[in-house]
Structures are given as C-alpha cells and as structure tokens.
Amino acid sequence: MEIFDVIVVGSGHAGVEAAYAAARRDCSVLIVTVDKERTAHMSCNPSIGGLGKGHIVKELDILGGLMGRAADASCIQFKLLNRSKGPAVRGSRAQCDKHFYSAFVKKYLFSLKEVSVLSAEVKTLVLDKNKCKGVITDKGEKILSKTVILTTGTFMKGMMYIGSEQKSGGRVGEKATTGLSDQLKTLGFPVHRLKTGTPPRLKKESIDFSSLIVQKGDPQFRPFSFFSSPILSLPQISCHLTYTNEKTHEIIRKNLHLSALHSGAIQGVGPRYCPSVEDKIIRFADKDRHQSFLEPETLKGTSIYLQGLSTSLPEKIQLAFLRTIKGLEKVEILKPGYAVEYDFLDPQMLFSTLETKLFENLFFAGQINGTSGYEEAAGQGLVAGVNAASKVQKAPPLILKRQEAYIGVLIDDLVTKGTKEPYRMLTSRAEHRLILREDNAIERLFHLSREHHLLSSKKLFLLERELERREKLLNFLKKTQISPKEKIKEELKAVKAPSLNRVQTLKVFFSRPEMDWRKMKTFIQQNPDLKHKLLKKKESDKENLLGENTEKSWESVEIQIKYEGYIKRQEEFIAQNQKLENIKLPKLDYDRVKGLSLEALEKLKKVKPRTLAQASRISGMPPAAIQALLIHLKINTKTNYTDSV
C-alpha cells in the first residue's frame with residue numbers, strides 16, 4: 001500500500017496552495033476532493049486582492065504560491081485601491097475571469113508529477129494514539145500518509161438557506177461533507193458554527209447599463225506576481241455602480257421575517273465586514289441608500305456578480321427588491337443569493353505551524369479555522385503545506401512573524417486570540433503595517449523563501465538581482481550630490497521638479513513631497529553625468545535602472561526615503577518587542593507558576609504560547625500574568641531575564 005507524504009483534503013484556495021507548496025518540496029501529495037473540476041473555484045466574488053488582502057497575495061508570490069500568477073493571468077480589470085493614501089494601506093485588486101483562474105491553477109498543480117488526485121469524500125481520519133496517519137473515504141478506502149491537511153472550506157455540515165428553504169451543501173451544486181466534524185468533536189476539538197452569504201447572480205442582457213455609473217480599471221496594470229508579465233493577457237472590462245433606495249429598503253424591511261438570517265434558522269455568526277443587505281438595512285437604518293457594484297464573472301458568460309447585496313431572502317422577494325434599483329428594473333436572476341452555515345474549529349487548538357495541538361501530523365488551513373476570503377485561505381494553505389513537508393523531511397518549520405508578513409499577523413491572531421466571527425484581514429490588524437507594504441514583500445520574505453526552498457534557483461536569482469538593484473539605487477541617491485548650477489536648474493524645471501537652492505544629495509532632494517520617482521528617473525536620464533554614475537557599461541536597457549520595467553525598484557526606494565523616519569521608529573519598536581519574542585516558553589507546567597489567576601491559567605493552557613510575546617497577545621491576558629511567568633522562568637532557569645524587558 002502506497003503511503004503518501006501529504007494528504008490534502010479539499011481543493012479550494014487553501015488546498016491548492018497546501019498541495020502546491022508540499023509538492024514543490026518534493027513530497028508525494030494526494031488531493032482528496034469531491035469534485036476535481038471545481039478546484040480553485042471562485043464561489044463568491046471572482047476577484048483577488050484588496051485592502052490587506054493584496055498584501056497577502058504579494059507575500060504568497062515571494063513564498064512560491066500560485067495565487068498571484070493565477071490572478072495576473074485571469075485579470076479582466078485591475079485597480080490599485082487607496083492610491084491617494086499612504087503606501088502601507090494601498091491594495092492591489094484584480095477582477096478575474098473565474099474560469100480562466102481555475103484553469104490556470106489546475107494546469108500548474110495537476111501537471112506536477114508529485115501530485116495525485118482522488119475524487120472522494122473524506123469521512124474520518126486514521127489515528128494512532130496522538131498521531132494522524134491517513135484518511136478513510138466515503139467508499140471505505142483507507143489511505144495512509146505521513147501528514148494530513150484539512151482544508152474543508154464551508155463544507156463541513158454545510159447548510160444553504162434561501163428564505164425558509166434549507167438544503168445541505170457547501171455551495172450551490174455541491175454537497176456538504178458529514179462525519180469529519182463529528183469525529184473531530186469527539187476527539188476534543190471545539191466545533192462552532194459560522195455563516196457566510198452570497199448575492200444573486202444576474203443575467204447580463206436584462207440590465208440597463210446605460211443608466212449606471214461606469215467603473216473603469218486603472219490604465220496601468222501592476223502584476224501581483226514579480227514573475228508575471230506587465231502586459232495583460234486578457235481584454236479589460238468596465239464594472240458598474242448602482243445604489244439601493246428607500247423602495248428597496250421598504251421591501252426588505254417588510255420581509256425580514258422570511259430571511260433565514262432573521263428568522264432564527266441560522267445560529268452561526270456572520271462576517272462583520274461583509275454584512276448581508278438585511279443586516280445593512282437594520283444596522284445602518286439612517287442610510288437612505290447602499291452602493292452595489294455589478295461585476296462580470298467571466299468574459300464570455302452572461303453572469304453578473306452583484307457585490308454588496310448578499311441575501312438569504314426568498315427568490316421572489318430578491319427579484320422584487322432588485323427591480324426597484326436603477327438599471328435593474330427588468331433584471332432576471334440566474335442564481336439567487338443564499339446564506340451558508342458551516343462548522344469550523346477553534347484555531348487556538350493549533351500551533352503557529354498550523355499543526356494541531358491534540359494530534360501530531362494533522363494540519364488545518366482555510367475556513368475550517370474561521371477565516372473568510374480566498375487570500376486568507378491561500379496564505380494558511382501555503383504555511384500548512386510547507387510545514388507538513390518540513391515535518392516529513394525533518395526540516396525546520398516555517399513560522400512567519402507579525403513583523404514579517406500579513407500572513408504572520410493572520411496566523412498569530414488565529415492561534416493566539418481565536419475568532420468568534422469570520423476573520424477577514426484588514427490593514428488595521430497589523431501594528432507594523434508601515435513595514436508590511438506591498439512593495440517590500442521581497443525584502444521581507446526573500447531569505448525565508450531561500451531557506452525553505454520555496455522557489456526555483458532561477459526565481460531566487462531574479463529576486464536577488466532585484467534586491468541588488470534597489471540597494472544600488474538607494475546607495476547612488478545617498479552618495480550623489482547636485483548643486484544649483486544653471487544646467488541642473490534647467491533640467492529640473494524640464495521635469496517639473498521643485499527648485500534647488502543649495503547643494504544636496506539626490507536622496508534628500510528625492511524626499512521632498514513635490515518629487516516622485518518618475519521625475520527623478522527622467523531627471524537622471526537627461527543628465528549625462530548622473531546617468532554615467534548610475535549605469536554600468538555592460539548593462540542592457542532591460543537590466544539597468546533607467547531601462548523599462550523598473551517601476552518596482554524606483555517605487556520601493558522612493559517609499560523607503562520618504563518614510564524613513566516613520567520606518568525607523570517602527571523598527572525600533574519591533575526591536576523592543578523582539579526581546580519578548582526571544583524569551584521562549586518551554587513546555588511549562590502552568591499549575592506551578594505562582595501568581596496566575598484562574599482565567600490566565602486556563603488561557604495559557606489552551607493557547608500554549610511559544611514565546612512571552614505571544615503570551616502577552618492572548619486576549620485578556622493581564623500584565624501581572626506576564627510578570628509571573630518572567631519570575632517563574634528566572635527562578636527555574638539559569639537565564640536572567642531582568643534586562644530583557
């Protein structure tokens with residue numbers, strides 16, 4: 001009987017990244033999924049990225065993930081959100097053709113010789129004492145493996161609701177899974193219910209787009225992946241904006257009792273930051289309208305996704321309120337909106353590697369951990385896949401810190417604080433967000449990608465060369481001075497740069513708010529002396545910093561220069577906090593730690609923090625408990641921790 005290195009249960013966005021990461025580490029991988037054709041299916045909005053989420057996709061790319069490249073290949077509209085705000089809170093977003101996206105992922109994943117796929121439903125896990133050793137399918141087949149990763153999405157005991165109609169399923173056309181969550185519950189995993197929703201899909205030909213507000217994408221495409229072409233491969237489309245009105249709200253209010261969300265049929269907690277239209281009407285009763293974006297799901301299809309109006313009202317009520325909205329007066333519904341309620345497991349039962357605390361070699365990733373969104377699922381999937389491979393190969397684990405990646409923030413929040421509602425990544429969740437920008441993902445994660453063998457040698461070389469370009473440019477700007485000579489003044493005036501009144505380094509001049517990287521690059525190009533100093537004789541146009549496709553290099557250096565003071569303060573704060581991170585907590589008997597309250601004792605036993613810093617982040621953990629831990633460590637070890645905090 002073949003024993004696989006890794007079994008991945010599910011082929012959604014978490015499962016895909018988990019399988020791809022493990023396979024790239026030369027592990028034999030079996031994906032067990034109910035429907036192979038629905039791999040990487042975009043069951044909700046066919047878009048990738050956004051505020052906070054775009055950061056995760058950029059990080060995935062540097063760590064060897066697939067999502068960024070798939071989004072670039074299937075992009076039908078690109079936008080950089082928050083363009084007018086600071087670089088830390090800008091977010092790339094791509095509207096994708098969902099069929100192209102899924103096809104791209106399947107092509108790359110299923111072509112790997114290390115990956116096998118089995119169409120089946122996993123009913124139970126194979127366990128031996130405290131170790132997971134495989135799975136048993138609905139066909140009674142026992143499959144053994146060294147590690148198992150559960151990425152069950154919304155399918156564990158999934159129940160769909162449209163009005164009073166209830167139907168078992170994780171999403172339309174796909175049945176729920178049963179048995180697995182019951183087994184996990186009996187094994188001691190706390191199992192809870194969450195809810196998510198989706199809006200109706202509308203027939204394109206029934207919409208009057210001429211009366212709607214056109215929403216065009218950015219003229220310039222900025223790929224998620226460092227390895228993607230800056231030239232779009234698919235035609236670009238426009239989306240459209242419309243608004244609800246008082247007539248819409250009146251119909252919804254009169255029929256709230258028919259909504260599964262408000263009739264008491266659904267007990268699970270819904271997403272706070274993506275509420276249903278029913279919730280919006282109640283929570284924001286003072287608002288006389290709510291916006292909704294009409295976004296095509298594919299280039300060739302007729303289905304329009306109605307972002308912002310998820311609902312579980314009966315289909316006839318959905319049609320009635322939709323037809324009160326401008327542009328939708330004659331709309332036809334292809335697929336009604338619905339709510340889904342499903343089981344998830346308390347993520348505090350996981351280590352930062354996403355391995356469970358109760359059973360060795362068992363990992364959880366994605367919505368099973370209480371998260372919401374493709375990007376959050378993919379980030380967890382990659383970490384679980386890498387760490388499952390590391391477990392098999394007896395290699396060091398991949399643990400992303402909060403100051404290293406948004407994925408690190410995500411996982412630390414989950415395993416340390418848990419969640420009672422669908423967790424969505426927001427830039428506000430990252431206390432070090434000025435360090436965690438989209439533009440510097442390479443600087444933050446290149447060393448980890450190299451250490452854990454997550455990218456090919458060719459791709460690592462390309463990233464290393466990019467880092468060298470940025471360092472070279474920054475050093476050039478630091479060391480090179482310009483003086484207020486007439487020639488320099490004329491050249492600056494030609495690029496609409498601010499005036500120069502004294503000798504300055506290019507770095508200081510670049511830091512002025514009126515300057516940007518485009519002006520600086522053009523100025524250097526037009527000055528032979530500066531151009532000669534920056535370039536090497538053997539560099540080609542594509543390699544040198546004044547050639548094409550160098551936007552990433554220039555933009556990152558500009559941000560470093562202009563936000564230098566803020567970045568330095570944040571780095572000093574991180575260095576201070578690192579002292580707590582460096583204090584490791586061995587497998588303590590917390591009952592022996594004097595001075596802990598019963599509440600603190602219970603939380604420490606449940607979370608089992610790795611470091612004193614993680615212990616301090618546990619919700620409701622009092623400072624007195626941290627001090628008690630420090631005293632205990634000082635008394636019971638040879639290390640003096642007094643100067644560490």
After noting the C-alpha distance and the side-chain angles of F364 and F189, does the key distance pass the ring-ring contact (aromatic ring centres under 6.0 Å, His included) rule? CA-CA 12 Å; F364 296 163; F189 289 97; 5.4 Å; yes
Go through the steps to decide whether E375 and K58 satisfy the test salt bridge (Lys or Arg N to Asp or Glu O under 4.0 Å), and finish with yes or no. CA-CA 10 Å; E375 302 83 0; K58 297 269 188 176; over 6 Å; no
Would D279 and F284 count as a side chain to side chain contact (heavy atoms under 4.5 Å, CB included) if you check the C-alpha gap in whole Å, the side-chain angles of each, and the deciding distance to 0.1 Å? CA-CA 8 Å; D279 283 338; F284 309 107; over 6 Å; no
Show the atom names and distances, to 0.1 Å, of all donor-acceptor pairs under 3.5 Å that link a side chain in residues 29-36 to residues at least two apart or in another chain.
residue, atom, partner, partner atom, Å
T33, OG1, S11, OG, 3.0
D35, OD1, E37, N, 3.1

For K552 and D439, what are the C-alpha separation, side-chain angles and deciding distance, and is it a salt bridge (Lys or Arg N to Asp or Glu O under 4.0 Å)? CA-CA 7 Å; K552 295 185 182 77; D439 69 274; over 6 Å; no
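- Side-chain polar atoms of S372 and Q367 form no donor-acceptor pair below 3.5 angstrom.
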Would you check, one step at a time, whether the test salt bridge (Lys or Arg N to Asp or Glu O under 4.0 Å) holds for E341 with K195? CA-CA 4 Å; E341 190 179 31; K195 160 270 181 195; over 6 Å; no
I'd like to know whether K157 forms a salt bridge (Lys or Arg N to Asp or Glu O under 4.0 Å) with D182, so could you lay out the CA-CA distance, the side-chain angles of the two residues, the decisive distance to 0.1 Å, and finally the verdict. CA-CA 9 Å; K157 286 192 173 180; D182 287 336; 2.6 Å; yes
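- L202 has its side chain within reach of L322: a pair of non-hydrogen atoms, C-beta onward, lies under 4.5 Å apart.
- Side chains of T371 and N369: a donor-acceptor N/O pair is absent below 3.5 angstrom, by distance only.
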Does the side chain to side chain contact (heavy atoms under 4.5 Å, CB included) test come out yes or no for T311 and I162, once each step is laid out? CA-CA 8 Å; T311 179; I162 304 176; over 6 Å; no
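- Between Y374 and H13, the two ring planes are tilted [angle within 30° to 60°].
- Environment of NZ in K204: sparse, with no more than 12 heavy atoms of neighbouring residues, nucleotides or ligands closer than 6.0 Å.
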Does the pair V191 and F344 meet the rule for a side chain to side chain contact (heavy atoms under 4.5 Å, CB included), with working shown? CA-CA 6 Å; V191 179; F344 86 102; over 6 Å; no
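- Using a 4.5 Å heavy-atom threshold, the side chains of E355 and F363 count as touching.
- Using bins of under 30°, 30° to 60° and over 60° for the plane-to-plane angle, the ring pair F78/F224 lands in the perpendicular bin.
- Side chains of E551 and Q220: a donor-acceptor N/O pair is present below 3.5 angstrom, by distance only.
- The nearest pair of heavy atoms linking H55 to L436 is CD2-O, 3.1 Å.
- Scanning all heavy atoms of the two residues, the minimum distance from F226 to D61 falls at N-OD2, 2.8 Å.
- The closest side-chain heavy-atom distance from V214 to L212 is not below 4.5 Å.
- Remark: R433 is not positioned above the aromatic ring of Y406, lacking an NZ or CZ atom under 6.0 angstrom from the ring centre and at most 45 degrees off the axis.
- Atom CZ of R289 is surrounded by 12 or fewer heavy atoms from other residues, nucleotides or ligands within 6.0 Å.
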Test log, rule side chain to side chain donor-acceptor pair (under 3.5 Å), inputs E295 and S47: CA-CA 9 Å; E295 301 173 329; S47 70; 5.6 Å; no
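- Both cation-pi conditions hold for R69 and Y108: the charged atom is under 6.0 angstrom from the six-membered ring centre and inside a 45 degree cone around its axis.
- A donor and an acceptor atom, one from each side chain of T298 and D97, are nowhere located under 3.5 Å apart.
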Derivation of the side chain to side chain donor-acceptor pair (under 3.5 Å) call for K280 and T244: CA-CA 11 Å; K280 287 181 180 179; T244 62; over 6 Å; no
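- There is a side-chain donor-acceptor pair under 3.5 Å between T324 and T248.
- No hydrogens or angles considered: a donor-acceptor pair under 3.5 Å links the side chains of E297 and S303.
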Assess whether side chain to side chain contact (heavy atoms under 4.5 Å, CB included) is satisfied between D413 and R429, documenting all intermediate values. CA-CA 9 Å; D413 278 353; R429 295 190 190 274; 4.1 Å; yes
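- Here the closest non-hydrogen pair linking S259 and E278 is OG-OE2, 2.9 Å.
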